[in-house]
*Asks:* 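Dropping the structure in here first, questions after.
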Amino acid sequence: MTQYAKTLPCEIELPDDWETRSRTVLPETGYEQRRFPRIACQTGAALRCNATLPAIPRTDTWCRVLVQDISRCGTGFLHSEQLFPDEKGLIVFPDGNQRAIRVMRCQRLGKKCYEVGCQFIAQKSAP
């Protein structure tokens, strides 16, 4: 899967000011409820979103996202499509580690660039 992830199309269009943004310091704000610190990282990953919300149709396809940070409980990444809170999916990191996720927030940064914050969730095992 890790080699496959590198071949996935990446349709993210980074904002013009992307190079000047600081991505090494991750400040904590007063309203955040983080239990564990975020670690900045920049890498590609494979993402598959499930058709979780009935009003939002999703196809069962993989796409490439750009991971910005990770912690014990979640990850933040850039995606070319808008995701909505409570949508679920699966993310596969370059080392082969895969985690089920739930979208917590999504902010538009540009035409085809959304900053998505996700929480890791437990995967249900097959019966």
Side-chain angles (χ1 to χ4, degrees):
M1 178 51 117
T2 57
Q3 292 298 338
Y4 173 70
K6 293 177 183 177
T7 65
L8 291 171
C10 184
E11 299 179 6
I12 300 167
E13 295 177 9
L14 296 175
D16 292 337
D17 65 344
W18 184 251
E19 292 299 320
T20 60
R21 291 184 187 197
S22 173
R23 292 182 298 273
T24 56
V25 178
L26 299 172
E28 297 296 326
T29 60
Y31 65 88
E32 292 183 6
Q33 299 177 4
R34 297 191 187 283
R35 293 180 289 169
F36 302 101
R38 293 181 291 170
I39 300 169
C41 66
Q42 294 179 7
T43 188
L47 175 73
R48 184 184 75 210
C49 286
N50 301 336
T52 311
L53 305 175
I56 310 295
R58 297 278 183 208
T59 58
D60 189 23
T61 58
W62 290 89
C63 61
R64 189 165 184 194
V65 295
L66 300 176
V67 177
Q68 295 188 119
D69 61 70
I70 192 165
S71 75
R72 279 181 62 184
C73 293
T75 187
F77 56 84
L78 299 180
H79 190 13
S80 61
E81 295 181 28
Q82 182 177 11
L83 300 179
F84 297 90
D86 290 331
E87 280 194 87
K88 295 179 182 169
L90 182 70
I91 191 166
V92 180
F93 296 99
D95 65 357
N97 187 9
Q98 58 183 349
R99 300 295 303 264
I101 58 166
R102 176 187 307 122
V103 175
M104 301 303 288
R105 62 174 186 80
C106 183
Q107 177 182 357
R108 184 178 181 187
L109 300 180
K111 182 180 177 185
K112 290 187 91 176
C113 186
Y114 294 87
E115 184 177 51
V116 181
C118 295
Q119 181 180 54
F120 296 137
I121 56 175
Q123 292 182 346
K124 294 181 181 178
S125 27

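These numbers come from a predicted model, not from an experiment.
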*Asks:* Of the non-hydrogen atoms in L109 and P15, which two are nearest, and what is the gap between them?
*Replies:*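 Closest approach of L109 to P15: O-CG, 3.7 Å.
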*Asks:* Provide the closest heavy-atom pair for E87 versus F84 in the form atom of the first, atom of the second, distance.
*Replies:*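 E87 and F84 have their closest heavy atoms at OE2-N, 2.7 Å.
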*Asks:* My understanding is that only residues two or more places apart in sequence, or in another chain, count here; which of them pass side-chain contact (heavy atoms from CB on, under 4.5 Å) with R72?
*Replies:*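 Partners of R72 under the side-chain contact (heavy atoms from CB on, under 4.5 Å) test: F36.
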*Asks:* Which distance, rounded to the nearest 0.5 Å, do you find between the CD of Q119 and the CZ of R105?
*Replies:*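 Rounded to the nearest 0.5 Å, the CD-CZ separation comes out at 12.5 Å.
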*Asks:* Which heavy-atom pair separates Y114 from E81 by the least distance, and what is that distance?
*Replies:*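 Smallest interatomic distance, heavy atoms only, reads CD1-C, 3.4 Å.
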*Asks:* Tell me the closest heavy-atom pair linking T52 and K88, and the distance in Å.
*Replies:*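 Closest approach of T52 to K88: OG1-N, 3.0 Å.
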*Asks:* By the rule that ILVMFWY residues connect when side-chain heavy atoms come within less than 4.5 angstrom, directly or transitively, which residues belong alongside I121?
*Replies:*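 Taking Ile, Leu, Val, Met, Phe, Trp and Tyr as members, I121 stands alone, with no cluster partners.
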*Asks:* Taking the side chain as every heavy atom from C-beta outward, state whether V67 and T75 have any pair of such atoms under 4.5 Å apart.
*Replies:*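 Heavy-atom side-chain distance check passes, below 4.5 Å.
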*Asks:* Which value, rounded to the nearest 0.5 Å, describes the distance between L66 atom CG and T43 atom OG1?
*Replies:*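 OG1 of T43 is found 8.5 Å from CG of L66.
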*Asks:* Quick check: do V65 and V116 have side-chain heavy atoms less than 4.5 Å from each other?
*Replies:*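 Contact flag for V65/V116 side chains = no.
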*Asks:* Show the nearest heavy-atom pair for residues C41 and I70, with the distance to one decimal.
*Replies:*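 Looking at all heavy atoms of both residues, the shortest contact is SG-CG2, 4.3 Å.
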*Asks:* Report the residue from K111, E11, E13 that forms a side chain to side chain contact (heavy atoms under 4.5 Å, CB included) with S80.
*Replies:*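 Single side chain to side chain contact (heavy atoms under 4.5 Å, CB included) partner of S80 among K111, E11, E13: E11.
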*Asks:* Could you tell me the separation between the NE2 atom of H79 and the SG atom of C49, rounded to the nearest 0.5 Å?
*Replies:*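 Here the interatomic distance stands at 5.0 Å.
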*Asks:* Would you indicate whether the side-chain heavy atoms of Q82 and I56 approach each other to under 4.5 Å?
*Replies:*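 Sidechains of Q82 and I56: no contact.
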*Asks:* Compare all side-chain heavy atoms of D86 with those of R102 and state whether any distance is below 4.5 angstrom.
*Replies:*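 Yes, at least one pair of side-chain atoms sits under 4.5 Å.
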*Asks:* Do I12 and C113 make a side-chain contact, defined as non-hydrogen atoms from C-beta onward lying under 4.5 Å apart?
*Replies:*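 In contact.
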*Asks:* Which atom names give the shortest non-hydrogen contact between T61 and R48, and what distance separates them?
*Replies:*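 What the structure gives for the nearest pair is O-CG, 3.5 Å.
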*Asks:* When you measure from the side chain of D95 to the backbone N and O of N97, does any donor-acceptor pair fall under 3.5 Å?
*Replies:*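 Pair found, side chain donor or acceptor close to backbone of N97.
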*Asks:* Is any side-chain heavy atom of W62 closer than 4.5 Å to a side-chain heavy atom of L47?
*Replies:*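 A side-chain contact is absent here, since even the closest heavy-atom pair is not under 4.5 Å.
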*Asks:* Determine, using the 4.5 Å side-chain heavy-atom cutoff (strictly less than), whether F120 and L83 are members of one ILVMFWY cluster.
*Replies:*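 Result: yes, single cluster for both.
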*Asks:* Is any side-chain heavy atom of I91 less than 4.5 Å from a side-chain heavy atom of C118?
*Replies:*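 No, their side chains stay 4.5 Å or more apart.
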